Amino acid sequence: MPTQKDQDRYEVDPHDGLRRAIVGGWAPEKHLRLRKYVDITRAVRGKFGRNATYIDLYCGPGRARLREAGDIVDGSAIVAATEAASKNPYREIIIGDLDPLNVEACQERLNRLGIANVRAFTGTALEVAGKVLPTLNPTGFNLAFLDPFNIEALPFGVIETLAQAKHMDLLIHVSIMDLQRNVRSMMMSGKLDAFAPGWEKTVNRGATNSTLVMQVFEHWRNLLASMGYLISDNIERVRGNRNQPLYWLVLAAKHDLADKLWGEVSQVEPQRRLF
Ligand SMILES: C[S@@+](CC[C@H](N)C(=O)[O-])C[C@H]1O[C@@H](n2cnc3c(N)ncnc32)[C@H](O)[C@@H]1O
């Protein structure tokens, strides 16, 4: 039986009979950046002899309706796969999601588009990352797109696992809304430990909520840096239609092209760059 939450989040797409998500108006913007990243890394994929993998561990059903505008948009895995299709396609598209109906719909949509070499997994991002990592070509060029609804679904172990690959760029959405709302309760309950292990060494518990959020985020970025990741300085803060901050978009890479790539990706909406 679908829950009330499911009914608010999903519906059947009358065009293809598959599940689609119902999302806020900011989804196209994050997809635009993903598309741009995939576009500008086409030459890198070429250099790697097309030995490149796209990994989407929170793939959703692959299509969505914008709740207010009503537009129908592709989901992240479809955006990345179709963008790459004509310019050094990914050798493999790996999709995963906790919800089996999302995995099924996303896989089916990729199949119907003729996107070959899709591997699909149902499970938490942590489980799927653990399964996938040993199967990757050790010298391949990989992008992992990490797009959870909330902080709780993004344990740092996901990043630690993926970071074991030699070339693993990360495009990560961190929900500011969720951190702002829940940072204190996550500290108390221990849930923050999974997202940002060791936070208590650098975060001042007595700080105001917004300072706490910034300190936790800073700590999380330093964890990424300690794994050899360079994090683009101009992190995007994407705002919703009431101008409320929604999430940060972080591009992390172990090569010094990260800043250059991000400079190009973020030219989509330069006025929104805040850092
Ligand atoms: C924001 S949506 C993803 C949207 C998708 N990336 C897109 O742009 O089309 C987040 C997804 O994460 C899934 N999810 C929630 N908790 C998860 C977890 N711990 N591991 C993997 N997926 C999870 C949800 O089922 C949902 O499909």
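Predicted model only: the values in this text are computed from it and were never measured. Both counts, for ligands and for their atoms, begin at 1 and track the order of listing.
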By number and element, which atoms of ligand 1 are closer than 4.0 Å to a non-hydrogen atom of [X]?
X	result
K30	8 (O)
G75	9 (O)
G60	27 (O)

Do F48 and H167 have ring centroids that are under 6.0 Å from one another?
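That pair passes the under 6.0 Å test.
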Protein contact of [atom] - nearest heavy atom, named by residue and atom, plus distance:
atom	answer
atom 27 (O) of ligand 1	D97 OD2, 2.6 Å
atom 3 (C) of ligand 1	Y58 O, 3.1 Å
atom 19 (N) of ligand 1	A153 CB, 3.8 Å
atom 8 (O) of ligand 1	H31 NE2, 2.7 Å
atom 4 (C) of ligand 1	D147 OD2, 3.4 Å
atom 9 (O) of ligand 1	S76 N, 3.0 Å

How are the rings of W26 and Y247 set relative to one another: parallel (under 30°), tilted (30 to 60°) or perpendicular (over 60°)?
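Perpendicular.
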Assign the ring pair Y90 / Y54 to parallel, tilted or perpendicular, where the plane angle (0 to 90°) is split at 30° and 60°.
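Tilted, since the angle between the ring planes falls between 30° and 60°.
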Taking atom NZ as the centre, does K87 end up with more than 12 heavy-atom neighbours from other residues, nucleotides or ligands that are less than 6.0 angstrom away?
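Enclosed: over 12 neighbouring heavy atoms sit under 6.0 Å from NZ of K87.
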Report the part of [X] (side chain from C-beta onward, or backbone N, CA, C, O) that has a heavy atom under 4.0 Å from ligand 1; answer both or neither where that applies.
X	result
Y10	side chain
A21	neither
L57	backbone
H173	neither

Are the side chains of D97 and C106 in contact, using a 4.5 Å heavy-atom criterion?
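Side-chain contact under 4.5 Å: no.
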Report yes if L98 has an N/O atom closer than 3.5 Å to an N/O atom of ligand 1; otherwise report no.
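Looking only at distances, the answer is yes, because the N/O contact criterion of under 3.5 Å is met.
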Nitrogen or oxygen of D99 less than 3.5 angstrom from that of ligand 1:
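Between D99 and ligand 1, no N or O pair is found under 3.5 Å apart.
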Cut-off 3.5 Å, side chains only: do [X] and [Y] have a donor facing an acceptor?
X	Y	value
D99	Y10	no
R19	N102	yes
R91	N51	yes

Which one of A80, A125, A77 has a non-hydrogen atom at the shortest distance from atom 21 (C) of ligand 1?
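Considering heavy atoms of A80, A125, A77, the nearest to atom 21 (C) of ligand 1 sits in A125.
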Please say whether the positively charged group of R45, taken as NZ for Lys or CZ for Arg, lies over the ring of F141, i.e. under 6.0 angstrom from the six-membered ring centre and within 45 degrees of the axis.
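Relative to the ring axis of F141, which defines the angle, R45 lies outside at least one limit.
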Is there a salt bridge (charged side-chain N to carboxylate O under 4.0 Å, His left out) between R112 and E108 once you walk through the steps?
CA-CA 6 Å; R112 290 185 191 178; E108 181 60 24; 2.8 Å; yes
Yes or no: does G123 have any heavy atom under 4.0 Å from an atom of ligand 1?
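Yes, G123 has heavy atoms under 4.0 Å from ligand 1.
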Out of the candidates E200, R184, E152, M186, only one should pair with L192 under the side chain to side chain contact (heavy atoms under 4.5 Å, CB included) rule; please name it.
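Of the listed options, the one satisfying the test is M186.
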